[in-house]
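What follows is one structure encoded as structure tokens, with my remarks underneath.
Hydrogens, waters and symmetry mates are skipped; everything else that's a heavy atom, side chains included, is used.
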Amino acid sequence: MANRFHQLVDLLVAALIAGTSVVLWGLVVPPAVALWLATLFAAMYYFSRNPWGTPRGEQFNAFIDDLYDRYLP
């Protein structure tokens, strides 16, 4: 339950990042570009905290790294 609460808080922080980024970037670039940049910043924050959108993201990353090490030179 605590992991889901932390993930929810991370999602809310990402939404705040997106909202403020749209407003700030909207002052200097066209609205579509501002929206794209805001989405990028929010996604960067969220997925840095919850890789693959789950609290077990580190395990997924380790699995993928193992596959790369096994099959790629």
* Asked: When you look at F63 and Y68, which way does the side-chain contact (heavy atoms from CB on, under 4.5 Å) test go after all the steps?
  -> CA-CA 9 Å; F63 175 75; Y68 286 171; over 6 Å; no

* **Pairwise distance CH2(W25) to CG(L40) - rounded to 0.5 angstrom** => 10.5 Å

* Given side chains that start at C-beta, do those of I17 and V13 come closer than 4.5 Å, heavy atoms only? -> yes

* **Over all atoms of both residues, closest heavy-atom pair of A42 and A18** => CB-CB, 3.8 Å

* To do: Could you list who else is in V22's hydrophobic cluster, with ILVMFWY side chains joined at under 4.5 Å, directly or through other members?
  => L35

* To do: Scan for salt bridge (Lys or Arg N to Asp or Glu O under 4.0 Å) pairs involving residues 30-39, sequence neighbours excluded, and state none if there are none.
  => none

* To do: Look at the side-chain heavy atoms of Ile, Leu, Val, Met, Phe, Trp and Tyr, link any pair under 4.5 Å apart, and say whether F47 and V9 land in one connected group.
  => no

* To do: Provide the closest heavy-atom pair for A34 versus V29 in the form atom of the first, atom of the second, distance.
  => N-CG2, 3.7 Å

* Asked: What about L27 and L16, same hydrophobic cluster or not, with Ile/Leu/Val/Met/Phe/Trp/Tyr joined at side-chain heavy-atom distances under 4.5 Å?
  -> no

* **side chain to side chain donor-acceptor pair (under 3.5 Å) partners of residues 30-45, not counting sequence neighbours, each pair once** => D10-Y45

* To do: Can you measure from CD (Q59) to CD1 (I64) and round to the nearest 0.5 angstrom?
  => 12.0 Å

* Asked: Under 4.5 Å between side-chain heavy atoms, hopping through other hydrophobics if needed: is there a path connecting L12 to Y46?
  -> no

* Value rounded to 0.5 Å, distance of CG in L37 from CG in L24 -> 11.5 Å

